Amino acid sequence: MESSLPFGVILAVLASLIIAVNVLVAAAVLLLIHKNDGVGLCFTLNLAVADTLLGVAISGLVTDQLSSPAQPTQKTLCSLRMAFVTSSAAASVLTVMLIALDRYLAIKQPLRYFQIMNGFVAGACLAGLWLVSYFIGFLPLGVPTFRQTTYHGTCSFFAVFHPRFVLTLSCVGFFPALLLFVFFYCDMLKIASMHSQQIRKMEHTGAMTGAYRPPRNPSDFKAVRTVAVLIGSFTLSWTPFLITGIVQVACQKCYLYLVLERYLWLLGVGNSLLNPLIYAYWQKEVRQQLYQMALGVKKGLASCLLLLSARYGGPKGPRENSYPIAIISHSDLDG
């Protein structure tokens, strides 16, 4: 794929937005962890970190797209860049899966959740997640079958990685993870529905006897809704790229690299921009923390403007009264 100025500009804007939005959400989640010390928030923070690293990784590709063909990128450097992009994308996808598993355990085993998902287990899960992610990203560098034999100088995903690598990722990782997502969602929805029916029965019994009516707890349905949105964005973002990559492997005469790299790969990378927006909109605690941060920034800017106006904007001479003072003499009073 040849370098392209419009594609490079789009890639630069997308990378900037991914980094900015994820850093903002990561700061909000970090403040929430400092206040609440929740294990689930650590997974959310890891998702923001993985998406931020993906934005940093694809920002290195901007120079390749904006540079002239007379200055080609070395194949080794391009392979390393694509390995880091793949590792960050894999970490993002695996973190979404880990968040779904965490919410599933919180609903499936509410009494034993904090015993199962303690700090040590969460740290071990995150460490294993990053090890698996970097293993996936750097796998083509150690397996010659997953590398392209020719390189034309312009750095892109399929310039260095063979579509067989996409086929392997799809069959071994993506589609099994997608089926596991669907299982988690269906089971969580069933459990949340059972909880809702039990609450309605208790409310009906309490209304009949005049006893205390327990308040509704919509946390189960909120967790199901968040997981559903994450699964939907994850599926819609990456499925077209992976399926088209499989078609490219099956049909050697079909030249689909332009569609894969210019459109479908960009759609998959855009999932890292959707993830923080989902949490900023659907998670009430994250939304409230972002609002508090915005208020703090607003107060800080107002204080700075007041200080600057007091230092540079005020009058240098003695303040004069805007209202004229009339001087009345004794002769006017006598008259």
Side-chain angles (χ1 to χ4, degrees), residues 38-44 46-48 50-51 89-118 121-122 124-126 128-129 132-133 136 167-204 214-243 246 267-268 270-272 274-287:
V39 175
L41 291 174
C42 295
F43 299 149
T44 307
N46 191 78
L47 179 62
D51 289 332
S92 176
V93 172
L94 290 176
T95 306
V96 172
M97 182 176 176
L98 189 59
I99 291 173
L101 176 62
D102 176 70
R103 293 298 88 203
Y104 175 73
L105 289 176
I107 294 177
K108 185 76 173 180
Q109 301 288 340
L111 299 179
R112 297 182 54 203
Y113 169 75
F114 290 103
Q115 297 178 356
I116 299 174
M117 193 61 68
N118 51 35
V121 174
C125 289
L126 292 177
L129 183 147
V132 172
S133 300
I136 293 173
L167 175 64
T168 305
L169 285 182
S170 302
C171 297
V172 177
F174 178 79
F175 291 111
L178 184 59
L179 293 176
L180 196 59
F181 271 135
V182 174
F183 169 75
F184 285 160
Y185 176 73
C186 293
D187 204 14
M188 288 170 63
L189 186 61
K190 182 179 70 174
I191 295 171
S193 299
M194 291 174 58
H195 289 177
S196 179
Q197 291 177 4
Q198 291 175 359
I199 291 175
R200 283 198 296 267
K201 288 180 180 179
M202 294 174 64
E203 289 180 347
H204 180 70
R216 289 182 176 268
N217 185 15
S219 59
D220 290 350
F221 281 103
K222 288 182 179 179
V224 171
R225 182 184 61 186
T226 304
V227 172
V229 175
L230 286 174
I231 292 173
S233 64
F234 161 77
T235 305
L236 293 176
S237 299
W238 284 109
T239 300
F241 173 76
L242 296 174
I243 291 179
I246 295 174
L267 178 64
N271 184 58
S272 295
L274 291 177
N275 288 332
L277 296 178
I278 289 171
Y279 272 95
Y281 181 78
W282 292 103
Q283 289 286 343
K284 183 179 179 181
E285 51 188 4
V286 177
R287 188 168 65 248

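As the structure is a computational prediction, the values presented were derived from the model and not from experiment. Just so you know, residue 1 is the first one in the sequence shown, and it goes up from there.
- Two residues are said to be in side-chain contact when any heavy atoms from C-beta on lie closer than 4.5 Å; Tyr113 and Asp102 meet this criterion.
- Atoms CZ and CD1, on Phe241 and Ile246 in that order, are 10.5 Å from each other to the nearest 0.5 Å.
- Legend: residues meeting ring pair (Phe, Tyr, Trp, His ring centres under 6.0 Å) with Phe43, ordered by chain and number and at least two apart, are absent.
- Note that the CG atom of Asp51 and the CG atom of Asn271 stand 7.0 Å from one another [nearest 0.5 Å].
- Separating the CG atom in Leu94 from the OG atom in Ser133 is a distance of 4.5 Å, to the nearest 0.5 Å.
- Atom CZ of Phe175 is surrounded by more than 12 heavy atoms from other residues, nucleotides or ligands within 6.0 Å.
- Not a single donor-acceptor pair under 3.5 Å links the side chain of Thr95 to the backbone N or O of Leu47.
- A salt bridge (Lys or Arg N to Asp or Glu O under 4.0 Å) check over residues 173-189, counting only residues at least two apart or in different chains, returns the pairs Lys108-Asp187, Asp187-Lys190.
- Using a 4.5 Å heavy-atom threshold, the side chains of Leu98 and Leu126 count as touching.
- How far OG of Ser233 is from CD1 of Ile278: 3.5 Å, rounded to the nearest 0.5 Å.
- Among Thr239, Val93, Leu169, the single residue meeting the side chain to side chain contact (heavy atoms under 4.5 Å, CB included) criterion with Phe174 is Thr239.
- With a 4.5 Å cut-off on side-chain heavy atoms, Val182 and Cys186 count as touching.
- Between the OG atom in Ser92 and the CG atom in Leu274 there is a gap of 10.0 Å [rounded to 0.5 Å].
- Every residue was checked against the side chain to side chain donor-acceptor pair (under 3.5 Å) condition with Thr44, not counting sequence neighbours, and none meets it.
- Taken from CE in Met97 to CG in Leu180, the straight-line distance is 4.0 Å, to the nearest 0.5 Å.
- The minimum heavy-atom distance linking Leu129 with Ala91 is given by the pair CD2-O, 3.8 Å.
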